[in-house]
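Remember, it's 1-based here, ligands and their atoms both numbered in the order they're listed. We number each residue from 1, following the sequence as shown. Just so you know, these numbers use all the heavy atoms, side chains as well, and skip hydrogens, waters and symmetry mates.
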Amino acid sequence: MIEEKLQKHIKRTMILVICIIFVLLTGGGIFSAYLQQAKDKAERAQVIAEAEEYKSRILKQLEADFQTLYTLSVFLDESYTADRELLAERLDEAKDNNAFLTMVYYDKNGEGVISTIGEEPILDAELSQLSSEGQTVIERALSGESSVSRLFESTISKNYIFAYSVPVYDGDEVVGALAASDHIDIFSDILTGNTVLGGGGYIHMLDSDGDFLIRSSKTIVQEDLSSIFEGPYLSEDSREEVRAALQDGERIFSSFSYEGESYPFLLEPVGINGWYLFCVNTGEGLGAASSTSLIVTQVTFILVLILMIFMMIYGYRVLRKYSDDLVRLAYHDSLTGAENLTRFNQRLNKALKTSGGSVAAISIRQFPFLNEIFGKEKTNRLLCLIKDILDKNLNKDEFSCRDTDDRFFIFFKDTDRERVRKRLEKCIDEIDKSSEISRTDYRLVFNCGVAVSEDSGNNEELSDILMNQVPFALDKAKSLNTGTIWFFDTELHKKEEVENYVESYMHQALSDGEFKLFLQPQKNLKSGKIESAEALVRWKTDSGRMIYPDQFIPVFENNGFCTELDLYMVEQVCKKIRSWIDNGIEPISVSVNQSKLLFFEADYVKKLKSLLEKYDVPANLITLEILEGLALENVDELNEKIEQLQKEGFEISLDDFGSGFSSLNTLGKLKINELKLDRDFLLNASNKYKKRIRLIMEEIVHMAGCLGISTVAEGVETPEDEKLIQEIGLNIGQGYLYSRPLSADDFDEKYMK
Ligand code: C2E
Ligand code: MG
Ligand code: MG
């Protein structure tokens, strides 16, 4: 039980801990995912914010350049445009002041001036001298539209450049176009050197085809690429997404991988010419710090988890050990290491579910003296030896335990008494041979009690029954005091149980009136009438159970209680006769059985007399039945008592004649009034000795007749019996043929009306 409870407890605790770990794990996972998400979100927001910032700076730069062009255009009036040299000078000046690569002016006829850094100005330039991008912006300006070109290779400087153009007005009329080209590197100040995400990123600039306009020097991808679609860095899916976004001029977040690492990036449209800012998060810088803190959080969490799991395993082991210790303490005997009775009972219960078996109890005669004679140590060693030898002799599924002191219980999975006996004898023999005590002059004697159960099944009572029976068997073995192996005997036990009950409760029963007067009629064989009866005692217990004289008279004869009970019965008979007389009923004589002890009590006669006086009953209505055993010792003394009683008026009857050592000799000497032939005569009168029995009976009856003794036949059960005793000449018949013993009331009802 303890074991099961502990197991359950441990299991529950473990489940709880596992649940907590699971919750922590899930919680931790969710928390970490949340952190990651929050980090991603924050980083994205940060990248977007920074990209916006760069975008606005680029736009501002462009705006500033346009502003410069607008301002210049305002001053380009006729005085300048007419004078080409002056115009070229002006353009040169403006170019140098504003760090443009080239500055051009074209009038609406397509003739213009070109001022290029490091070169002589061209004063009569044709439009066709410009690159197609240059031509486009000029044409747009001539049609009144300011614009910025795409990136293109300058035909003059052979550099990648782009061009701005603004219209030049005279009043409302467009008279020319002012344009400047610049190296794209003007953005490099913005895009290189500076970094995004606190140093954890970099920015390239792309056009709408994904081709690099500016590549940051901080780039992760070291290969010289001209387009973001070059190389294996974008996955197939990202490629598609990015391409679609570039076409639609939308912002997109995606990622590329490089040397096994994945890098998220943002493509932010600048809003001019399909230009894009390509912002890459390298995971360093500010982002790195938050990544590190995320990793630190995760690692701490995992460490805590590992610690918890470790604690759990450690706790489990400690608990297990603790529970094992508890179980050992609860189920084992500390001296011998054997299991204890509690454990034995549990195992017995289990074992009997599947098969029958025997439980033996073994104990050493006079064990307390062993301690005294040999000392505690040696006796303890003997007990350990017993445990070891029992263990050695047990088969599979058999077990033993030490109960208290020298008492061991053994369960054998065997119900054959002889085999069990032999196995026990073998154990005892081995113990005897191995014990150091046996090597002295002291003779070790073992008593064994065994109870066997053929039955098995899911019934807890089975083991209880066996465990109840064993001590009885052991007590019996002990009482024989010879080193016996005693098997529990159910019949004997029942008898002993009744005896025990009888002895324990007799006094109480007498004072509670549980002893009842029953009467069995006796028939006068001549008159054919019921002229007498025999008083027989019955013990009706409080619970209504009826106990018959056979079960308690022998016990009372042993313990002397018979003397009290017999007098009590005489009193009951006197009471009955008194009530007949008082009720005007002709009383009949009643025989009362008297035990030997009472018969020889000194004041026996006096006690009887006082009872007669108490109820005012004539003594001749009472016959005292004695057993022939009384005459065995001293016939003279017996005769003296008989004479005394007869003098008082009592009749004396010799009961059960022929059942014991009956001798005609004794009969001849005794001065009795009546002889009751034992019912054995009638039992035997129907078998093969019929004739002989009949002869003997005839002889006895004849002799009794001669001595003036009347004869009663006991155990008349059949009409044949009655016929026989009538033929033989007996005077009275008593038996079931006439009636079984009846309660006094029933008897009155039937015979005394
Ligand atoms: P008992 O005095 O020989 O009594 C006759 C017994 O035979 C009674 O048994 C009675 O019930 C039984 N019996 C009568 N007719 C028949 C029959 O036809 N067939 C058979 N098989 N049995 C018959 P019970 O009452 O059980 O008494 C048994 C013995 O107990 C008595 O034998 C007597 O010795 C003793 N006893 C009964 N009452 C007392 C008592 O009050 N005091 C003493 N000391 N002994 C008593
Ligand atoms: Mg009798
Ligand atoms: Mg009898």
I'd like to know whether the aromatic ring centres of [X] and [Y] sit less than 6.0 Å apart in this structure.
X      : Y      : result
Phe515 : Phe552 : yes
Phe344 : Phe411 : no
Trp539 : Tyr501 : yes

Output yes when [X] and [Y] qualify as a salt bridge under the 4.0 Å nitrogen-oxygen rule, no when they do not.
X      : Y      : value
Lys723 : Glu727 : yes
Lys669 : Asp636 : no
Lys523 : Glu531 : no
Glu339 : Arg402 : no
Lys596 : Glu557 : no
Glu749 : Lys753 : yes

_Can you confirm whether some protein heavy atom lies under 4.0 Å from atom 4 (O) of ligand 1, or whether none does?_
yes
*Does the protein put a heavy atom less than 4.0 Å from atom 9 (O) of ligand 1?*
no
*Return the set of protein N, O or S atoms whose distance to the Mg ion (ligand 3) is under 2.8 Å, each given as residue and atom.*
Asp655 OD1, Asp656 OD1, Glu714 OE1, Glu714 OE2
Around [atom], find the nearest protein heavy atom and jot down its residue, atom name and distance.
atom                    : value
atom 46 (C) of ligand 1 : Asn593 CB, 3.7 Å
atom 30 (O) of ligand 1 : Pro549 CB, 3.3 Å
atom 25 (O) of ligand 1 : Arg538 NH1, 2.9 Å

_To make sure I understand the geometry: which N, O or S atom in Glu534 is closest to the Mg ion (ligand 2)?_
OE2
Using a 4.0 Å cutoff against the non-hydrogen atoms of [X], which atoms of ligand 1 qualify?
X      : result
Gly735 : 15 (N), 18 (O)
Asp656 : 3 (O)
Pro741 : 11 (O)
Arg679 : 20 (C), 21 (N), 22 (N)

Quick one: does ligand 1 sit under 4.0 Å from the side chain of [X], the backbone, both or neither, non-hydrogen atoms only?
X      : answer
Asp655 : side chain
Glu714 : side chain
Gln520 : side chain
Leu536 : both
Leu565 : neither

As a check for students: among [options], identify the option with a heavy atom nearest to [atom].
atom                    : options                        : result
atom 18 (O) of ligand 1 : Phe556, Phe552, Tyr738, Tyr736 : Tyr736
atom 20 (C) of ligand 1 : Gln572, Gln734, Glu717, Glu534 : Glu717
atom 43 (C) of ligand 1 : Asp566, Asp550, Val537         : Asp566
atom 41 (O) of ligand 1 : Gln594, Glu557, Met569, Glu625 : Met569

*Got a donor-acceptor contact below 3.5 angstrom from the Arg423 side chain to the Asn393 backbone?*
yes
*asked:* For a quick test of reading the model, state the closest non-hydrogen atom pair linking Arg365 to Tyr442 and the distance between them.
replied: O-OH, 4.1 Å
*So, for Pro521 and Gln734, which heavy atoms are closest and what is the spacing to 0.1 Å?*
O-CG, 3.8 Å
*Drop me the distance from Asp405's CG to Ile364's CD1, to the nearest 0.5 angstrom.*
10.0 Å
*Take atom CD in Gln726; do more than 12 heavy atoms of anything else shown fall under 6.0 Å from it?*
yes
*Would you find more than 12 non-hydrogen atoms of other residues, nucleotides or ligands less than 6.0 Å from Asp542 atom CG?*
no
